[in-house]
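Below is one structure; the comments refer to it alone.
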Amino acid sequence: MTATPAKAPEPAAPPAPGPGPTSRPAKTPHGHRRLLTRRDRITLGLMAGVPTILHVTLVWLTALASIALAFTTWDGIGFDSIKWVGLQNFRELFTSNPQFWPAVEHNVIWFVVLILLPTPFGLFLAVQLDKKIRFSRVYQTAFFLPVVMSLAVIGFVWQLIYNPDTGLINSLIGANKPGHYIDWIGDPDLNLWAILVAASWRHAGYMMILYLAGLKGVDPALREASALDGASEWQTFKNVIFPTLRPTNTVVLVVTIIEALRAFDLVFVFNKGAQGTELLSILVTNNIIGESSRIGYGSAIAVVLLVISLAVIIPYLIATFRKERRA
C-alpha cells in the first residue's frame, strides 16, 4: 500500500491595502448629511415665528403704544388728531375723577375678600382631597369646573341666581314677592358683594388645584416622623406641612393679586361697572371704547394699572431667579 504524500500548506494571502487600525476613516464623498430638511426648517420657523410675531404685536407693541398714548389726547379718529399733553391726564385722574379712587378701593376690597375667604377654603379642600378619600377625582372635577368655564358664562349663571323675581336666592328666602324684592345687582350696597360671591366660587377651585399640587410635593417621611412623635393631625399640618408650602403660598399671593387687578368680566356682565361696582379695568374700557372715546385718558388709567401689577410681579420674579441661582 503506497502512502499518499502530505499536501504542503498554501502561503497566506497578503493583506489588502487599506487604512491601518489607528488611521482615520475616509471622508464620505457626498459631505455631511443635514438632520433637518428645508421643509422641516420652514415648518419650525413658522411654528416659532408666527406666535412670536403675534405676541410682540398684540402684547408688547400694544403696551408700549398705551404708555405713549397716556401722555396725549386722542379721540381715535385719525393719527393727526393726537396731541401731546404731558402729565395732564394723570393730574386729572388723581384729582378730579370721582370714579378713580372708588375703583381703586373696590380693587383692594376684591383682593382682600379673595385672599381671606376662597383662598383658605381652597386650601381646606386641597387638604381633604390629599387624604385620598373615595371619589376624590369626582370632587376635584366638580370644584375645578368653574375655573375652566368662561367668566362671562359664570356671570350669566349668577345673574339667574340673583334675579330678584325668579332667582334662586330670593325664592329660597321668600324675597321674590312685590314689595319684598332684594335687588342683588341694582342695589349699590349689595352688588359688589354679590359679584364677589361669584368670583370667590371660581377662585376657590383655582386655589384648590394650586395647593393640591403643592401638597403632592410634600415628603411623606415628614408626615410619618410627625405621627411617630405623637403630633395630632392639626399639629402636623401647622408645624410640618404648611411651612413646606411656602413656595406655593407665594404663587397663590401673586395669582390672587393679579386676579384682583384684572377683574373685569363678571362686573361687566352684571352691570357694566355702574352703581357701586367701579373697577380700574372698567374705567379703562369705558374711556377707550365708550361713548367719549378718550383714548389718552383711558391709556393713563391702564398705565396706572400696569404699574401696580409690575410692583407685585417684579419682586416675585427677582425672588424666583435668586432661588434658581442658589439651587
Answer yes if the side chains of [X] and [Y] hold a donor-acceptor pair under 3.5 Å, and no otherwise.
X    : Y    : value
Y211 : N249 : yes
N191 : T277 : no
D40  : T37  : yes

**Item:** Main-chain N/O of T72 paired to N89 side chain as donor or acceptor, under 3.5 Å
**Value:**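 Yes.
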
**Message:** Please check: side-chain N/O of W184 versus main-chain N/O of W193, any donor-acceptor pairing under 3.5 Å?
**Reply:**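 No, the answer is negative, given that no donor and acceptor are paired below the 3.5 Å cut-off.
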
**Request:** State, to 0.1 Å, how close T52 and A48 come at their nearest heavy-atom pair, and which atoms those are.
**Result:**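 In this case the closest contact between T52 and A48 is OG1-O, 2.6 Å.
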
**Nearest heavy-atom neighbours spanning E259 and W110** =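 Distance-wise, the nearest heavy atoms are O-NE1, 4.2 Å.
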
**Message:** Angle between ring planes, F242 versus F237, binned at 30° and 60°: parallel, tilted or perpendicular?
**Reply:**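 It falls in the tilted class, 30° to 60°.
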
**Aromatic ring pairing F71/F90, orientation class (parallel under 30°, perpendicular over 60°, tilted between)** =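 It falls in the tilted class, 30° to 60°.
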
With a 3.5 Å cut-off and sequence neighbours excluded, list the donor-acceptor pairs that the side chains of residues 294-305 form with protein atoms.
{"from": "R294", "atom 1": "NH2", "to": "E92", "atom 2": "OE1", "distance (Å)": "3.2"}
{"from": "R294", "atom 1": "NH2", "to": "E92", "atom 2": "OE2", "distance (Å)": "3.0"}
{"from": "Y297", "atom 1": "OH", "to": "N97", "atom 2": "ND2", "distance (Å)": "2.7"}
{"from": "S299", "atom 1": "OG", "to": "I295", "atom 2": "O", "distance (Å)": "2.8"}

**Prompt:** Considering residues at least two apart in sequence or located in another chain, which fulfil the salt bridge (Lys or Arg N to Asp or Glu O under 4.0 Å) criterion with R91?
**Reply:**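 Listed in chain order: nothing, the list is empty.
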
**Message:** Taking ring-ring contact (aromatic ring centres under 6.0 Å, His included) as the definition, give me every residue that meets it alongside F268, ordered by chain and number, with sequence neighbours left out.
**Reply:**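 F268 satisfies ring-ring contact (aromatic ring centres under 6.0 Å, His included) with F264 once adjacent residues are dropped.
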
**Request:** Inspect the contact between R202 and D265 and indicate whether a charged nitrogen and a carboxylate oxygen are less than 4.0 angstrom apart.
**Result:**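 Salt bridge: no.
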
**Prompt:** Same cluster for V218 and L228 if Ile/Leu/Val/Met/Phe/Trp/Tyr side chains link at under 4.5 Å?
**Reply:**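 No.
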
**Side-chain touch I257/I115, heavy atoms, less than 4.5 angstrom** =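 No, side chains not in contact.
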
